[in-house]
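Before any comments, here is the structure.
Heavy-atom basis, side chains included; hydrogens, waters and symmetry copies ignored. So you know, we letter chains A, B, ... as the sequences are listed, proteins then strands, and number each from 1.
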There are 2 protein chains.
Amino acid sequence: MRYRDENKMQAIRDCAIEMVAKNGLENFGINRLAKAAGVSPATIYIYYKDKEDLLTSISIEEGVKMTRATLKGFDPNASFREGLWVQWKNRAAFSLDNLQAAEFFEQLRNSTYKDKMREAISLEFRKSMGSFVENAVKRGEINEMPLEVYWSVAFAPLYALIRFHNEGQSLDGRKFKFSESIMKQTFDCVLKGLSK
Amino acid sequence: MRYRDENKMQAIRDCAIEMVAKNGLENFGINRLAKAAGVSPATIYIYYKDKEDLLTSISIEEGVKMTRATLKGFDPNASFREGLWVQWKNRAAFSLDNLQAAEFFEQLRNSTYKDKMREAISLEFRKSMGSFVENAVKRGEINEMPLEVYWSVAFAPLYALIRFHNEGQSLDGRKFKFSESIMKQTFDCVLKGLSK
DNA sequence: TTTTTAAATGAGCAAATGCTCACTTATATT
DNA sequence: AATATAAGTGAGCATTTGCTCATTTAAAAA
């Protein structure tokens with residue numbers, strides 16, 4: 001029998017990410033994707049059930065990749081400061097290295113597909129993160145707080161910064177460029193806010 | 001001559017917001033909107049040039065409303081703590097009172113329309129906010145920092161919290177409900193992080 | 001070499017899309 | 001009452017949409 005051409009599947013995935021990132025979810029279509037990937041529309045339906053399945057599958061894949069990248073070299077038993085800083089650096093590096101994947105992901109996060117994505121991500125998240133915050137509380141490094149409050153204070157600022165970078169210009173119209181020193185400055189604020 | 005029926009325009013606006021909020025930008029269509037608003041498709045084109053004009057016009061309108069609501073009763077000369085707290089409370093109240101408008105806005109913010117929205121919002125923002133941060137720095141209440149860093153630390157956490165609330169469940173699968181005490185707790189973290 | 005299996009395809013369908021046009025309706029002005 | 005003007009309409013066009021099917025192609029198994 002004939003084998004699957006893994007290059008084709010990869011082309012479909014890559015083009016889908018690129019198209020959504022560049023033209024938005026609202027302009028993404030199967031026929032268009034097929035043409036861009038150099039593939040028949042029917043071929044896409046060998047790999048994916050339908051349009052929704054394609055988008056959710058890819059976004060979950062990318063989400064897992066991003067989470068894994070964020071936790072690379074992360075030691076759950078490290079000090080809170082060090083642990084969080086590793087995550088910040090990893091996450092920023094991933095976004096800068098995978099601009100389109102990050103943009104694709106952000107688009108899906110704000111669409112009607114968001115519900116289906118959350119499960120896969122929260123699972124991965126819970127596994128590796130749960131104990132880290134708990135430990136930091138036990139050791140008296142940070143105050144006890146609901147997980148939502150923690151996430152909002154600890155990560156939302158980083159995501160916002162990355163977003164400013166991707167958009168290329170800031171709130172007041174001037175240019176804005178992400179840098180390690182900007183990240184460090186923001187991190188210091190966040191850490192101070194969370195610390196006892 | 002015949003007058004414009006302001007109810008019709010309002011119905012179009014309201015339905016558009018509701019449809020995007022409920023079904024996502026990618027499922028929003030003019031024919032669908034016309035039917036939902038009880039209006040002919042052609043009528044929509046009396047008020048708006050095309051689909052893009054409709055979406056950007058409405059989102060700019062809502063964005064201005066939101067910014068105005070956020071700055072209601074805000075005194076640029078108040079202390080930093082008080083000023084920021086007023087903005088937090090206003091913004092949260094607006095989102096809770098206008099769930100669909102907030103969701104609509106968030107969807108547009110992450111679409112290809114985002115560029116056209118930023119101008120209108122940043123204009124409104126700059127007008128009323130610029131001096132507030134500057135003054136706080138001069139009075140020694142907070143450290144000097146780029147505006148993007150300030151925004152990321154001061155507001156991104158609040159937006160994240162509101163998002164958790166709207167999504168109804170949190171990162172780890174449990175229920176999550178926004179409350180004044182949760183908001184206050186988060187605010188204290190943020191304030192501590194920004195303060196000298 | 002022949003057979004079997006599944007990958008891959010291009011043409012194209014039914015439905016939906018954004019949008020228009022010839023026309024009707026309502027109301028201020030004459 | 002007649003006229004002028006712009007709001008408002010329903011049918012529908014050209015195109016695009018998501019998706020399928022009859023068929024062909026490649027390669028493992030016989």
Next on the checklist: Rounding to an integer number of Å, can you tell me how far A:Arg4 CZ sits from D:dT25 C1'?
Outcome noted: 16 Å
Next on the checklist: Classify the ring geometry of A:Phe80 against A:Phe132: parallel below 30°, tilted from 30° to 60°, perpendicular beyond 60°.
Outcome noted: parallel
Item to check | Where A:Leu33 and A:Phe28 come nearest, the two heavy atoms and their spacing | outcome: CD2-CZ, 3.8 Å
Checklist entry - What are the two closest heavy atoms between A:Asp5 and A:Tyr47, and how far apart are they? => result O-OH, 3.7 Å
Item to check | Donor-acceptor side-chain pairing of A:Ser131 and A:Asn135 below 3.5 angstrom | outcome: no
Checklist entry - Would B:Lys184 count as a cation-pi partner of B:Trp88, with NZ or CZ less than 6.0 Å from the six-membered ring centre and within 45° of the ring normal? => result no
Checklist entry - Are A:Lys177 and B:Glu148 within salt-bridge range, i.e. N to O under 4.0 Å? => result no
Item to check | For DNA chain C, the residues among residues 16-33 of chain B that have a non-hydrogen atom under 4.0 Å from it | outcome: B:Phe28, B:Gly29, B:Ile30, B:Asn31, B:Arg32
Next on the checklist: In this structure, how many angstroms lie between the P atom of C:dA11 and the NZ atom of A:Lys35, rounded?
Outcome noted: 11 Å
Checklist entry - Under the 6.0 Å and 45° cation-pi test, does B:Arg91 pair with B:Tyr159? => result yes
Item to check | Atom-to-atom span, CE of A:Met9 to P of C:dA7 - whole angstrom | outcome: 11 Å
Next on the checklist: Measure CD/A:Glu52 against P/D:dG18 and give the value in whole Å, please.
Outcome noted: 13 Å
Item to check | Nucleotide D:dA6, atom P - distance to NZ of B:Lys8 in whole Å | outcome: 19 Å
Checklist entry - Looking at B:Lys192 and B:Asp188, does any basic side-chain N land under 4.0 Å from a carboxylate oxygen? => result no
Item to check | Whole-Å distance separating the CG atom of B:Asp50 from the C1' atom of C:dT20 | outcome: 13 Å
Item to check | Phosphate OP1/OP2 of C:dT25 contacted by B:Arg2 side-chain N/O (<4.0 Å) | outcome: no
I'd like a table of donor-acceptor pairs (distance under 3.5 Å, sequence neighbours excluded) in which one partner is a side-chain atom from residues 16-23 of chain B, with atom names and distances.
| residue | atom | partner | partner atom | Å |
| --- | --- | --- | --- | --- |
| B:Glu18 | OE2 | B:Lys22 | NZ | 3.1 |

Next on the checklist: Does anything in residues 39-49 of chain B come within less than 4.0 Å of DNA chain C? Heavy atoms only, and list the residues if so.
Outcome noted: B:Pro41, B:Ala42, B:Tyr45
Item to check | Atom pair distance, as rounded to whole Å: OH in B:Tyr3 and C1' in C:dT25 | outcome: 16 Å
